[in-house]
Amino acid sequence: MTESVAPLRIGNFSGFYGDRFDALHEMLAGGELDVLTGDYLAELTMLILGRDRLKDPTAGYARTFLRQLEGCLGLAHERGVRIVTNAGGLNPAGLAAAIRNLAGRLGIPTRVAHVEGDDLTAAHPGSLAAHAYLGGFGIAACLREGADIVVTGRVTDAALVTGPAAAHFGWRPGEHDRLAGAVVAGHVLECGAQATGGNYAFFRDADVRRPGFPLAEIHADGTCVITKHPGTGGVVDVGTVTAQLLYETAGARYAGPDVTARLDTVRLTQDGPDRVRIEGVRGEAPPPTLKVGRNRLGGFRNEVVFVLTGLDIEAKAALVQAQLTDALAKSPPGDVRWDLVRTDRPDADTEETASALLRLVVRDPDQEAVGRALSGAAIELALASYPGFHVLAPPGKGAPYGVFEDVYVPHGAVDHVAVLYDGRRIPVSPAQGTLVLHDVAEPPLPEALSPGPTRRAPLGLVAGARSGDKGGNANVGVWVRTEDAWRWLVHELTVDRLRDLLPESRPLPVARHVLPNLRALNFTVEGILGEGVAAQHRFDPQAKGLGEWLRSRHLDIPEALL
């Protein structure tokens, strides 16, 4: 490898299927780039694409990308920017063919390659979609052979960055520290504007009305600088990068198919306005198995939300609950959940703020049990229940819901292949050296902050947070911006204290991970999301607001920190 190779400028233009449509053009026109990446896939997206494919076997990819590319392919060609995207979803070959047709129609010479091997659905009966998370070396092979656009299916989000970096610098499997640095850069970029002020706990510190999309200047040693195009909105600072590093991660070991990155080794420094340097990242051999995301249909789901207004809220809720329980007694749904949300206020000056919401959710393998039976029982109460009876919307016929599960297979169980623009197929070897994954022991804690006066106040006055989902589990990352705040937080926010502040977590397994370099704690709450986002187990099925709920909770905070 040549250490003098120029840095690789790699940007992001999509963090999910439905992200800002104009971002591809904005990134191409806004400044110098070598590679642009687009992330379209999430656990729920794979289920959506799977249902699309049931209706049309030629579907299964993100059609939005084609529409974006139509207005931007010429600009990418003129500027020499390569594009790498997982928009291929369940049908990367189909999207690659569609791009070739588009390029031919536009008269723009474009070499399109794609990556195969992730689809293991046939090996998992009963699955709507079962796909292994591949690494970046299939992408690297496509780029080394001259591809202008690389389409993948289910790869790790960070692979969209590690692949181009490996191709550009000549990295090979086993260069763990360099690959780990690229994984960290990829994790920061993968969610687009979340690294530039989007969804940021301290959003009032900057103008984040229209944040730009991030880019990374990656160096041959795996270090990088996170930044954005000049003149774009939002902000890149240590806080925004820390927040994204904590998003949907867990412990100090962040495992992937190419390398396990040690998040406890990451060092962040402000390198100028809207520039954050990431260095010190260490890597280890990947685990001996690949994660497979398995999506299946779990049954049918329906819901109805009753509006309870004014006085006697709890008595009104008890009445309608008893009435519906009796009405459904002959054939009750398999799963019934009631939640009373006290949005009402006493002596309210609007009807809406005088009202509470009673939410009923039912699930069953039989659509009839959650459809017509529930609809009839609920609507028949319209003139025979609590005073002021009405619902937000009448229940429907019941809709299918999905279940997401993680399973694991050996590296050799997949046929990872780079399919080049000229039809050649290059097999990608599985990882040779692997290391069984273990949790990192908790590091020594700093000395606790000296005792002093405290004030009852929200945690969010001192700490930022970001939360998200991984299957049925949620993570909540919490960080602070000063050493004194860290000395307080790491001793104060224990697992027991988290359970006190978030009562929903009390009956569930909770783990705490300490990341001193980031002044951060990362908590995982197992099972809080049931069977995953598609099952809609709770009203915030992806735990997006869990961190903000935590920040709103009050505890005794040292006055010196406020």
Side-chain angles (χ1 to χ4, degrees), residues 199 201 301-328 332-333 335-363 370 374-375 377-379 381-396 456-461 463 465 467 469 474 476 478 496-508 510 523 525 527-530 533 535-557:
N199 302 350
R301 177 188 183 278
N302 207 349
E303 72 173 80
V304 58
V305 180
F306 300 90
V307 182
L308 315 174
T309 305
L311 305 177
D312 305 319
I313 295 294
E314 293 185 2
K316 290 172 180 174
L319 172 60
V320 71
Q321 184 171 345
Q323 290 176 308
L324 266 179
T325 300
D326 290 343
L328 297 173
D335 180 62
V336 179
R337 177 168 175 167
W338 293 88
D339 289 299
L340 177 59
V341 183
R342 296 301 299 266
T343 53
D344 55 304
R345 303 174 190 171
D347 194 22
D349 57 5
T350 67
E351 182 178 342
E352 187 172 5
T353 55
S355 301
L357 302 176
L358 178 65
R359 183 171 181 241
L360 168 62
V361 177
V362 294
R363 292 183 176 84
V370 301
L374 174 67
S375 301
I379 297 306
L381 293 176
L383 303 179
S385 189
Y386 60 86
F389 179 103
H390 65 286
V391 297
L392 290 184
R456 196 78 176 168
L459 175 63
L461 295 184
S467 54
D469 64 312
V476 186
V478 185
D496 287 342
R497 180 53 57 90
L498 183 89
R499 292 185 195 276
D500 289 341
L501 297 173
L502 303 182
E504 287 183 53
S505 70
R506 288 174 185 168
L508 302 171
V510 178
F523 294 88
V525 185
I528 194 170
L529 304 179
V533 55
Q536 296 186 327
H537 178 75
R538 64 194 298 269
F539 88 104
D540 176 18
Q542 290 181 284
K544 298 290 190 180
L546 194 61
E548 287 302 295
W549 178 27
L550 177 63
R551 293 182 70 236
S552 74
R553 298 307 309 269
H554 288 224
L555 65 172
D556 294 324
I557 300 176

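No hydrogens, no waters, no symmetry mates; every other heavy atom, side chains included, goes into these values. Numbers here are sequence positions counted from 1.
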Original post:
Just wondering, do I379 and P395 contact through their side chains at under 4.5 Å, heavy atoms?
Top reply: yes
**OP:** Would you check if V370 and R301 make a side-chain contact, meaning some heavy-atom pair closer than 4.5 Å?
**Re:** no
Subject >> W338 and L324, any side-chain heavy atoms less than 4.5 Å apart >> reply: yes
Original post:
What closest approach, in Å, do A327 and A377 show between heavy atoms, and which atom pair accounts for it?
Top reply: CB-CB, 3.8 Å
Original post:
Could you state the interatomic distance from CG (L459) to NE2 (H554), rounded to the nearest 0.5 Å?
Top reply: 10.0 Å
Original post:
Hey, does the side chain of R538 reach the backbone of D540 with a donor-acceptor pair shorter than 3.5 angstrom?
Top reply: yes
Subject >> Over 12 non-hydrogen atoms of neighbours within 6.0 angstrom of CD in E504 >> reply: yes
**OP:** Enter the distance from D344:CG to E351:CD here, rounded to the nearest 0.5 Å.
**Re:** 12.5 Å
**OP:** Using the side chain to side chain contact (heavy atoms under 4.5 Å, CB included) rule, pick out the option among L360, L358, T325 that qualifies with V320.
**Re:** L358
Original post:
Any donor-acceptor pair under 3.5 Å linking the side chain of R551 with the backbone of A463?
Top reply: yes
Original post:
Is there a donor-acceptor pair closer than 3.5 Å between any side-chain N or O of R506 and the backbone N or O of R499?
Top reply: yes
Original post:
So how far is it from R497 CZ to R553 CZ, rounded to the nearest 0.5 Å?
Top reply: 11.0 Å
Subject >> Donor-acceptor pair, side chain of N302 and main chain of G396, under 3.5 angstrom >> reply: yes
**OP:** Look at the side chain of S552 and the backbone N and O of G460, then say whether any donor-acceptor pair between them is shorter than 3.5 Å.
**Re:** no
**OP:** State which residues pass side chain to side chain donor-acceptor pair (under 3.5 Å) with R337; sequence neighbours excluded, sorted by chain then number.
**Re:** D339, H537
Less than 3.5 Å apart, which donor and acceptor atoms pair up between the side chains of residues 382-393 and the rest of the protein, not counting sequence neighbours?
residue	atom	partner	partner atom	Å
S385	OG	Q323	OE1	2.6
Y386	OH	V307	O	2.8
Y386	OH	H390	O	3.3
H390	ND1	G388	O	3.0

**OP:** Working to the nearest 0.5 Å, report the span between CG of L502 and CG of L546.
**Re:** 5.5 Å
**OP:** Only counting residues at least two apart or in another chain, list the ones meeting salt bridge (Lys or Arg N to Asp or Glu O under 4.0 Å) with D312.
**Re:** none
**OP:** Please examine the side chains of L340 and L308, heavy atoms only from C-beta on, and report whether any two atoms are closer than 4.5 Å.
**Re:** yes
Original post:
How long is the gap from OG on S467 to CH2 on W549, to the nearest 0.5 Å?
Top reply: 11.0 Å
Original post:
Quick check: does any side chain N or O of K544 sit under 3.5 Å from a backbone N or O of D469, one acting as donor and the other as acceptor?
Top reply: no
Original post:
With a cut-off of 6.0 Å (strictly less than), are more than 12 heavy atoms of other residues, nucleotides or ligands near CZ of R345?
Top reply: no
**OP:** Find the distance between CD1 (I313) and CG (L311) and round it off to the nearest 0.5 Å.
**Re:** 8.0 Å
